[in-house]
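Shown next, in structure tokens, is the structure this report addresses.
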Number of protein chains: 2
Amino acid sequence: MAGSEPPPPLSPALTRNQGLVLDLLRTVGEPLGAYAILDRLRSQGLRAPAQVYRALDRLAALGLVHRLETRNAFVACTRGAHPPQVTVFVLCDRCGAARELADDGHTAALAALARRAGFQVLGGRIELRGLCGRCGRMAASESPDDEDPGP
Amino acid sequence: MAGSEPPPPLSPALTRNQGLVLDLLRTVGEPLGAYAILDRLRSQGLRAPAQVYRALDRLAALGLVHRLETRNAFVACTRGAHPPQVTVFVLCDRCGAARELADDGHTAALAALARRAGFQVLGGRIELRGLCGRCGRMAASESPDDEDPGP
DNA sequence: GGCGGAACCGTTATATTATAACATAACATT
DNA sequence: AATGTTATGTTATAATATAACGGTTCCGCC
Ligand SMILES: [Zn+2]
Ligand SMILES: [Zn+2]
Ligand SMILES: [Zn+2]
Ligand SMILES: [Zn+2]
């Protein structure tokens with residue numbers, strides 16, 4: 001959604017390509033694939049996938065963008081800087097919207113769960129799929145006996 | 001066409017290709033990419049990626065195998081059949097081991113978290129990365145800059 | 001000023017992962 | 001047998017991601 005949050009000031013140490021990619025992702029506000037990013041930045045001079053992937057790598061390492069593994073897409077972080085490298089996303093099956101949620105201590109609880117199994121957690125991803133509020137209401141009102149296959 | 005044995009613990013209605021893929025994944029016990037599966041099943045007559053992907057799609061829909069999004073790989077389920085649940089995996093950065101953990105109600109808590117944000121959760125994935133017990137001990141006891149992938 | 005290194009850049013080619021499209025085979029139901 | 005349905009085999013292609021190479025810019029330093 002446009003204008004839901006004042007975007008944090010651009011990081012100082014970003015290079016030109018990194019700034020272009022981050023700016024695009026923040027403007028669009030929804031997940032974009034690397035090649036979609038490339039297409040939209042051709043007018044700015046980007047021409048090859050490697051340029052986009054390099055910028056994305058850096059931005060992801062800085063925590064400014066996140067990769068959505070279940071979609072092979074990238075989205076700008078909507079929270080500030082996170083301390084941990086675990087994100088929680090909810091993804092709408094119908095409209096494709098992605099929303100990053102503030103972890104409510106769940107990642108710490110999951111890390112404890114893993115530790116009981118002998119694992120040391122260094123990072124991770126939580127991607128939940130389903131229906132966003134609007135699409136859920138639409139699906140409920142349009143066809144009451146709708147059935148959706150599992151994950 | 002040769003005398004095939006009745007699959008004893010295997011699921012009821014699996015077709016030949018589905019059985020081959022599931023059997024392989026259960027035997028191997030670790031994540032395999034679709035093309036690795038294909039290579040290992042060429043001797044059984046499989047020749048094209050679509051055959052493997054079709055079998056994997058069915059097996060995943062039945063909950064007998066899971067897809068590891070962060071690795072683009074597939075692994076046999078080590079728990080029974082789960083309902084419509086969310087899976088929790090822990091993946092070792094060093095040896096590649098994947099272990100499926102029993103969710104301790106965390107997925108329900110995450111679904112509640114999502115619902116508070118207006119989202120209806122229909123499924124999802126939790127993939128945590130880090131070090132398994134053995135690799136964690138090795139990394140702790142040896143020098144921190146040691147790197148030696150096992151055979 | 002010249003020099004070395006580091007980071008970034010642009011480009012080409014290639015690898016890896018996944019699906020589309022279509023024709024056939026197998027099987028059950030009538 | 002005719003039919004509908006599902007699974008299969010096959011080819012080709014799409015979509016995603018990285019390797020490899022050389023050039024440029026910048027900065028600290030001798
Ligand atoms: Zn974030
Ligand atoms: Zn939606
Ligand atoms: Zn499972
Ligand atoms: Zn390990």
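No hydrogens, no waters, no symmetry mates; every other heavy atom, side chains included, goes into these values. On a predicted model such as this, the values are computed, not experimentally measured, just so you know. In what follows, every chain begins at residue 1, and chains take the letters A, B, ... in the order their sequences are listed.
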Whole-Å gap separating P (D:dT8) and OH (B:Tyr53): 17 Å
Identified side-chain hydrogen bond (donor to acceptor under 3.5 Å, both in side chains) partner of A:His66 from the options A:Arg125, A:Glu100, A:Arg79: A:Glu100
Gap separating the CZ atom of A:Arg54 from the CG atom of A:Leu46, nearest 0.5 angstrom: 10.5 Å
Check against side-chain hydrogen bond (donor to acceptor under 3.5 Å, both in side chains), B:Thr70 and B:Glu127: CA-CA 7 Å; B:Thr70 54; B:Glu127 299 185 18; 2.4 Å; yes
Side chain A:Asp103, main chain A:Gly105, donor-acceptor under 3.5 Å: yes
Residues B:Asp57 and B:Arg67 bridged, charged N to O under 4.0 Å: no
Gap between atoms CG and P, on A:Leu38 and C:dG10 respectively (whole Å): 12 Å
Separation of atom CG in A:Leu68 from atom C1' in D:dA17, rounded to whole Å: 17 Å
For atom CD of B:Gln18 and atom P of D:dT6, their distance in whole Å: 13 Å
D:dA17 OP1/OP2 closer than 4.0 Å to side-chain N/O of A:Asn72: yes
Separation of atom CZ in A:Arg71 from atom P in D:dA15, rounded to whole Å: 17 Å
Flag side-chain contact, heavy atom, 4.5 Å: A:Leu20 against A:Leu24: no
Over 12 non-hydrogen atoms of neighbours within 6.0 angstrom of CZ in B:Arg71: yes
Show me the protein contacts with nucleotides 9-13 of chain D, counting only N or O atoms at under 3.5 Å.
unit_1	atom_1	unit_2	atom_2	d
D:dG9	OP2	B:Asn17	ND2	2.9
D:dG9	OP2	B:Gln51	NE2	2.4
D:dG9	O5'	B:Gln51	NE2	3.2
D:dG9	N7	B:Arg54	NH2	2.6
D:dG9	O6	B:Arg54	NH1	3.1
D:dG9	O6	B:Arg54	NH2	3.3

Gap between atoms CG and P, on A:Asp57 and C:dC9 respectively (whole Å): 13 Å
A:Arg58 side chain near C:dA7 phosphate (N/O to OP1/OP2, under 4.0 Å): no
Contacts of type ring pair (Phe, Tyr, Trp, His ring centres under 6.0 Å), residue A:Tyr53, not counting sequence neighbours: none
Phosphate contact (D:dT8 OP1 or OP2) by B:Thr15 side-chain N/O below 4.0 Å: yes
Side-chain touch A:Arg58/A:Leu56, heavy atoms, less than 4.5 angstrom: no
Integer-rounded Å distance: D:dT8 P and B:Gln44 CD: 14 Å
What pairs of nitrogen or oxygen atoms, one from the protein and one from nucleotides 23-27 of chain D, lie under 3.5 Å apart?
none

Between P of C:dT17 and CD of A:Glu69, the distance in whole Å: 13 Å
